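Working notes, structure below.
Since we're looking at a predicted model, the values are computed, not measured. Residue numbers start from 1 in every chain, and the chains themselves are labelled A, B, ... in the order their sequence lines are given, proteins ahead of strands.
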Amino acid sequence: MKTFTYRTATSLDEGLEPGATFLAGGTNLVDLMKLGVATPDVLVDVTKLPLDEVSDRPDGGLRIGAGVRNSDLAVHPRVRQDYPVLSQALLAGASGQLRNMATTAGNLLQRTRCRYFMDATMPCNKHEPGSGCPAQEGDHRNLAILGGSPSCIATHPSDMAVALTALDAVVQTDRRSLALGDLYVLPGSTPEQETVLSHGELITSVDLPDPRGKSAYRKVRDRASYAFAVGSVAAVLRVDDGTVADVRLAFGAVAPKPWRAYRAEEALRGRPATRSSFLEAADAELAAATPLRDNAYKITLIRNLVASVLEGLA
Amino acid sequence: MDLRVNGEPHSLDLDPRTTLLDALREHMGLTGAKKGCDHGQCGACTVLLDGRRVNSCLILAVTLDGASVTTIEGLSHPVQEAFLEHDGFQCGYCTPGQICSAVGMLAEADGASLPDAEIRERMSGNLCRCGAYPNIVAAIREVAAR
């Protein structure tokens, strides 16, 4: 591991010197430092800042401190009762040990597990812009079918972020408010740029609006537990008289960011809450998919997941 | 930095790159917590940090000034006896991590009923290359039912 200096952050808006990065739970960053993929000169520990509260908001929503541990958030009474999709997504991610360490903001900002990104000796446009993307012709079985580019087809690995995307979460930083969907940027020709955050901008909380329907998260992976998704769906659904009154859908492990399925939602509103409408809605979203040699299976997987999750909620 | 390990205070002067696991093994002579993958994937390094189970290989020791750590050497818990009774190991390399994780997991479950599938899910962060899982589950099941 490259050497670095360490200090603790003492205020929310103190920013970062050049070459510095924030450290929270460290479950991804410390690993990437061991691998030589992350090489910060300075680590600024934000875990001593007062960011570990979950509190009710006046509008009936919830404010989740950026430093709240994933395990604590998963079992918070209001999350379990009003936002089950979030609790389910958190518990589907990582292991008990890792969830005790990982934080809300750290989870949002974790890096892709694309094998070429995780290997400092391989070309990767995120490590070194212009060096190429071996995944295009190589191992892309678990990489993006939506939102990728010839420069990068990495997938965002988080489960929690998929649930938060379906919940219309808003990210608060020390400088501004951002819809979660606007936090991430698609790779285009600059995959090294993953979010709109400026250097030193600190996420302080994630806000949820009041609960807007029944919700659920379902994740498919290569083994029963403790694995990243090969595909996942988060859904919030409200049905009146057999008709879809409101729906929010997000897909995981298929795109460089948690993928909000706006086209599917539009196709569903006002339609009968039946399996055939759910499948048609999934098709409306997945028509834009651009699979490569080994990941077209995700289209069928997501299509079936959408139908089964929505049937479970309808 | 100051760290309390198994009830004993330790004053340490460490390179900031030192993980909690390396601090325990290389600087305090506590070799119970094992280095398996060193990437948070196997659970052999599991210890209790302020009572909660964590992967000590992914925590920089320098972040823990004032914290309290319990390793297998400092543990006295019915799970240990149950692993012996149920033969919950073969080579034993993953066992300290399995036991620390089980103790942390039982505290998280807080008396909730734990069917075998639930024990397996909650213990999925601890791998056993010998495949002693059925006996590990049996040991934990017995303690959970008490």
Side-chain angles (χ1 to χ4, degrees), chain A residues 1-9 22-48 67 69-72 74-75 88 91-103 106 110 113 118-119 219 221 223-228, chain B residues 1 14-22 33 35 37-67 97-98 100-110 112 116-127 133:
Chain A
M1 192 187 298
K2 188 176 82 76
T3 194
F4 57 87
T5 57
Y6 169 85
R7 68 180 173 86
T8 52
F22 291 123
L23 171 70
T27 56
N28 187 212
L29 178 57
V30 173
D31 192 28
L32 291 173
M33 289 167 68
K34 288 183 180 192
L35 293 168
V37 173
T39 53
D41 298 319
V42 184
L43 280 187
V44 179
D45 185 347
V46 293
T47 59
K48 323 296 183 212
R69 307 288 167 168
N70 287 179
S71 50
D72 293 331
V75 300
Q88 290 164 14
L91 293 175
S95 66
Q97 290 96 313
L98 290 166
R99 293 193 294 269
N100 277 338
M101 301 157 70
T103 64
Q110 67 178 303
R113 294 328 192 268
M118 296 282 283
D119 184 343
K219 172 178 180 178
R221 44 195 152 174
R223 58 184 183 195
S225 182
Y226 198 20
F228 290 98
Chain B
M1 60 165 295
L14 298 170
D15 184 305
R17 292 173 289 187
T18 313
T19 61
L20 173 58
L21 178 62
D22 287 340
K35 185 176 282 196
C37 69
D38 210 26
H39 290 284
Q41 297 173 8
C42 77
C45 68
T46 303
V47 300
L48 299 169
L49 172 61
D50 295 324
R52 293 158 64 117
R53 55 179 173 157
V54 294
N55 300 107
S56 62
C57 75
L58 288 182
I59 301 180
L60 297 170
V62 69
T63 64
L64 299 179
D65 192 26
Q98 295 279 1
C100 287
S101 183
V103 170
M105 184 276 279
L106 290 168
E108 289 162 13
D110 196 22
D116 284 5
E118 185 77 8
I119 292 173
R120 286 175 179 275
E121 167 60 32
R122 288 173 183 256
M123 290 295 295
S124 66
N126 292 85
L127 306 188
Y133 297 111

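Between A:Leu23 and B:Thr63, the closest side-chain pair of non-hydrogen atoms falls below 4.5 Å. Counting heavy atoms from C-beta outward, A:Lys34 and B:Thr19 have side chains that approach closer than 4.5 Å.
Here A:Phe4 pairs with A:Met1, A:Tyr6, A:Met33, A:Leu43, B:Pro16, B:Arg17, B:Leu60 under the side-chain contact (heavy atoms from CB on, under 4.5 Å) rule; sequence neighbours left out. Taking the salt bridge (Lys or Arg N to Asp or Glu O under 4.0 Å) definition, one finds that B:Asp116 meets it with B:Arg141, sequence neighbours left out.
Considering CG of A:Asn28 and NE2 of B:His39, their distance stands at 12.0 Å, rounded to 0.5 Å. Distance check, rounded to the nearest 0.5 Å: CZ of A:Arg223 to OG of B:Ser124 gives 8.0 Å. Expressed to the nearest 0.5 Å, how far CG of B:Asn126 lies from CD of A:Gln97 amounts to 4.5 Å. Atom OG of A:Ser95 sits about 10.5 Å away from atom CD of B:Gln41, to the nearest 0.5 Å. Taking CG of B:Asn55 as the reference point, atom OG1 of A:Thr27 lies at 8.5 Å (rounded to 0.5 Å). Rounding to the nearest 0.5 angstrom, the gap separating the CG atom in A:Asp31 from the CG atom in B:Leu58 is 5.5 Å.
Neither the backbone nor the side chain of B:Cys100 comes within less than 4.5 Å of any heavy atom in chain A. For a residue to count as touching a neighbouring chain, one of its non-hydrogen atoms must lie under 4.5 Å from one of that chain's; by this rule A:Asp45 touches chain B with the side chain only. At a 4.5 Å heavy-atom cutoff, the contact between A:Lys2 and chain B is made by backbone atoms alone.
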Determine, step by step, whether B:Glu108 and A:Val75 satisfy the side-chain contact (heavy atoms from CB on, under 4.5 Å) criterion, reporting the C-alpha distance in whole Å, the side-chain angles of both residues, the deciding distance to 0.1 Å, and the verdict.
CA-CA 10 Å; B:Glu108 289 162 13; A:Val75 300; over 6 Å; no
Under the side chain to side chain donor-acceptor pair (under 3.5 Å) rule, what do B:Arg52 and A:Ser71 come out as? Steps first, then yes or no, please.
CA-CA 10 Å; B:Arg52 293 158 64 117; A:Ser71 50; 3.0 Å; yes
